[in-house]
Amino acid sequence: MERQAKSKRRARFDARVYTLCRQIPEGHVTTYGWIASAIDPPLGMEPFAYDRIKARWVGYAMARCPEDVPWHRVINSKGGLSLRPGHEHQKALLEDEGVRFTASGKVNLKQYGWKPS
DNA sequence: GGCATGACAAAGG
DNA sequence: CCCTTTGCCATGC
């Protein structure tokens, strides 16, 4: 596949990721997988393959997220904060919004989880 | 241009 | 609950 086509495809994917992130209500969280599931697989990709890789793509997208995206409301499927620079700050931001953490430092997705529509 | 690495997740042991 | 494997893209050196 052409290099430009790839980059274009990914840019569109990223844009959708950011759009969905901005829709996460305050005091709620979502996961990489949930976001990815709300986005159609790129043209020409097997849905099966997409299932295995989509969460990662969301991670790549979040690593370059614009300033106005509430990246701290995106956590992993286990309800925990991913290991990354600034994850302590992330916890503080969420607690500030009313999200409570368990003793083991995880979020109850049943309670605070929000899935993109 | 090859090779390692990474903000992930689901399934299996 | 912890550890390993698989899926397979983008980036940096």
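Atom set for the values below is all heavy atoms of this structure, side chains included, hydrogens, waters and symmetry mates excluded. Quick caveat, the model's predicted, so the values are computed rather than measured. Letters A, B, ... mirror the listed sequences (proteins, then strands); counts begin at 1.
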Legend entry - Donor-acceptor pair (no angle test) under 3.5 Å: A:Tyr32 side chain, B:dA7 base: yes
Inset, instruction - Confirm from the modelled atom types if A:Tyr50 and C:dG7 form a donor-acceptor pair under 3.5 Å, side chain to base only. - result: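 Absent.
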Inset, instruction - Report the nucleotide, chosen from B:dA7, C:dG7, C:dT11, that has the shortest atom-to-atom distance to any side-chain atom of A:Arg56. - result: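 It is C:dG7.
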Legend entry - Residue A:Ser77, side-chain atoms from C-beta onward, closest of B:dA9, C:dC9, B:dA7: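 The answer is B:dA9.
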Legend entry - Donor-acceptor under 3.5 Å (A:Tyr18 side chain, A:Asp68 main chain):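 Absent.
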Inset, instruction - Using only heavy-atom distances, determine whether the side chains of A:Gln111 and A:Arg100 contain a donor-acceptor pair under 3.5 Å. - result: no
Find the distance [X]:[atom1] to [N]:[atom2] and express it as a whole number of Å.
X	N	atom1	atom2	answer
A:Leu83	B:dC8	CG	C1'	13 Å
A:Glu88	B:dA7	CD	C1'	16 Å
A:Trp34	B:dA9	CH2	C1'	13 Å
A:Met62	C:dA10	CE	C1'	17 Å
A:Tyr60	B:dA4	OH	C1'	12 Å
A:Asp14	C:dC9	CG	C1'	11 Å
A:Trp57	B:dC8	CH2	P	16 Å
A:Arg10	C:dC8	CZ	P	17 Å

Inset, instruction - Determine the Euclidean distance between corresponding P atoms of B:dT5 and C:dT4; express it in Å to zero decimal places. - result: 15 Å
Inset, instruction - Can you tell me, in whole Å, how much space there is between the P of B:dA4 and that of C:dT5? - result: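 About 16 Å, rounded to a whole number of Å.
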Any side-chain heavy atom of [X] sitting closer than 4.5 Å to one from [Y]?
X	Y	answer
A:Met62	A:Tyr32	yes
A:Ile75	A:Leu109	yes
A:Arg73	A:Tyr112	no

Legend entry - Closest contact, heavy atoms only, A:Leu20 versus A:Ile35: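 Minimum heavy-atom contact is CD1-O, 3.8 Å.
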Inset, instruction - Search all heavy atoms of A:Glu97 against all heavy atoms of A:Gly27 and return the closest pair with its distance. - result: OE1-N, 3.0 Å
Inset, instruction - Supply the atom-to-atom distance A:Asp96 CG to A:Lys91 NZ, rounded to the nearest 0.5 angstrom. - result: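 One gets 13.0 Å once the value is rounded to the nearest 0.5 Å.
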Inset, instruction - Select from A:Arg64 and A:Ile53 the residue whose nearest nucleotide in DNA chain C is closer to the 5' end of that strand. - result: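 Counting from the 5' end, the first nearest nucleotide belongs to A:Ile53.
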Legend entry - Most 5' of A:Arg52 and A:Lys106 on DNA chain C, judged by nearest nucleotide: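 In this pair, the answer is A:Lys106.
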Inset, instruction - With heavy atoms under 4.0 Å as the rule, sort A:Leu81 into base, sugar-phosphate or nothing. - result: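 Counting heavy atoms under 4.0 Å across all strands, no contact is made by A:Leu81.
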Inset, instruction - Report yes if a side-chain nitrogen or oxygen of A:Ser82 is closer than 4.0 Å to either non-bridging phosphate oxygen (OP1 or OP2) of B:dA7; otherwise report no. - result: no
Inset, instruction - Please state whether the phosphate of B:dC8, meaning OP1 or OP2, lies under 4.0 angstrom from any side-chain nitrogen or oxygen of A:Thr31. - result: no
Legend entry - Dot-bracket line, read 5' to 3' along DNA chain C, where crossing pairs take [ ] and | marks a partner on another strand, Watson-Crick or G-U under 3.5 Å: .||||||.|||||
